[in-house]
Amino acid sequence: MSITAVKGMNDILPGEVETWQFLELSAREVFGLYGFSEIRTPIPEKTELFCRSIGETTDIVEKEMYSFSDKGENSLTLRPEGTAPVMRSFIQNRLHNLDPVSKLYYMGPMFRYERPQKGRYRQFHQLGVEVVGVEDAKIDAQVLAMLHQYFIRIGIDSVSLQINSLGCPECRPGYRQTLISYLESRLDTLCAECQRRYQTNPLRVLDCKAQGCQAATVDAPSVIEHLCSPCNDHFRQVKSYLDLLNIPFEVNARMVRGLDYYVRTTFELVTDQLGSQNAVAAGGRYDGLVESLGGPSLPGIGFAIGLERLVLMKGEQRISAGGPQLFIAALGEEATERAFVLMSQLQAAGVRAEMDYLGKSLKAQMRRANKLNATFTLVLGEEELESGQAQLKNMSDSSQSVVAMDSLVAMLTEKLG
Ligand code: ATP
Ligand code: MG
C-alpha cells in the first residue's frame, strides 16, 4: 500500500498554489505599505511557551497541541499559533531596543490536533501581524484598517468585522465572577463541556456552539457593560477612529477569543460562506503578554488570518499561472536541437518558453501548445532551417507572421520579455 499524508494535513498542488502565492504576495505588499517587516521563527518551540501564554484551560493547550519529546527529552510543541513564538523572539532578541514600536508579520504553517473538516485542518496556515509598543487606540484602528485593506486587495468583500472589548486585569475578574454566578443558575441547560469549564473559563461558554449554551446565554451579562473606565475610554476611541477611517464594523459583546492573553480590543472577520467555520481572521490586544513571558512591560496587538479559509473563499476566482509565452514545435533531429538551444536562450532572456521532450508528432505538439495555453507557437522543420525563416503563430487569433531565425531571440525578447 502506498503511503499517504498525515490525516488533516494537505498537499498544496500546482493549480491551487498560484492562489496561495497571490494571497501571500498581496500580504507582503499591503503589510509593507503599513511599515511591517517579516519575522520567521522556528516551527517547534518549548511546550511551556504555549502553556504559559495561551493558557492552561484553553482548547488549544488542553487538547489540540502537537507535543512530543525530542531525543534529549525536551518537551517541544509544533506551534499552534504565531503570537507566542513572535513574542518569545521579540524578547530574546531585544527588538524593543531597536525601535520603540515594532511592526512584525509572519506567515506559515500552524498545527492543532482538531477534528478535520472543511476549513479546519491539523496543519493549516496563518498570515499574521503583531504591533508591540503602542497602547493608543489609533494603532488598534490602524491594524484593523490594514486588515480591511488586505481584503480589498485580494478581492474578497463578503466578510464583516466584529469587535468587542474583553476588559483588563482590573475589570475582567469582576465580570468573570458575575458571569459565573449567572451560568450557575442555568447549569443544567449547558452542554457537558461547558458544565465542566464554566468556572475555569466562563467566557468560553458565550461562544459555545451548542444550542443549549446559546439559549442559556442570550441574556448573559455583557462584558462591555462591566468595563472599567480606562477600558471603556479605549474601546470608545477604537470605535471612533474606525468611524473616522470609514471602516464598517459591528460590536459583538458575545465574542470572546479562545486564548487567555487577550485584553481590551478583540475582533473577528467573519463570513457566511464557510458554514460553521465562519472566522477568516481574528485577533486582539495582548497588553500583558510580553511581560508575562519575561520581557519588558509593553502592550501589543495583532491578528491572524486563516489562509485555507481564504483559498476556499477565492473558490472559482482561482488565480492561474500564465502558460508559456512561446511553444516551439520542432520536427526532425536537427530542428529539435535548434529548438532546444533557442528555448534555453529565450528562458535565459526572460521569456517563458517551452517545447516537447517526448518525441511527439507535430499535431500532438500543437495540441500540447494549446493545452498549455501558449501565447505564440513557432514551428521549426527542415524547411525553416534551410530558409532561415519560420512562422510565428499567435494562438489567440491564429494570425501568422514570418520571422527571421537569426533575429528571433532579440525580436521575441522585445515582444514578450
Ligand atoms: P475557530 O473558532 O474557527 O476554531 P480560532 O478562534 O481557533 O478559530 P484563531 O486561533 O484565532 O482561531 O486563529 C485565527 C484564524 O486561523 C481563524 O480565524 C481561522 O481562519 C484560522 N484557523 C484556526 N484554526 C484552524 C484550523 N484548524 N484549520 C484551518 N484554519 C484555522
Ligand atoms: Mg479553534
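Keep in mind that this is a model prediction, so the values were computed, not measured. Order of listing sets the numbers, starting from 1, for every ligand and every atom in it.
Between Y66 and Y113, the ring planes lie perpendicular to each other; the angle is over 60°, past the 30° to 60° tilted range.
A side-chain hydrogen bond (donor to acceptor under 3.5 Å, both in side chains) with Y286 is found for exactly one of R257, E130, R264, namely E130. Checking each of M343, R338, Q365 against I328 for a side chain to side chain contact (heavy atoms under 4.5 Å, CB included) leaves exactly one that passes, namely M343.
For the residue pair T41 / R88, no side-chain donor-acceptor distance below 3.5 Å is found, with atom types taken as modelled.
More than 12 heavy atoms of other residues, nucleotides or ligands shown are found within 6.0 angstrom of CZ on R352.
Within 4.0 Å of ligand 1, protein heavy atoms come from R112, E114, G119, R120, Y121, F124, Q126, R257, A279, V280, A281, A282, A304, G306, R309.
The shortest non-hydrogen separation linking V263 to P169 is CG1-CD, 4.3 Å.
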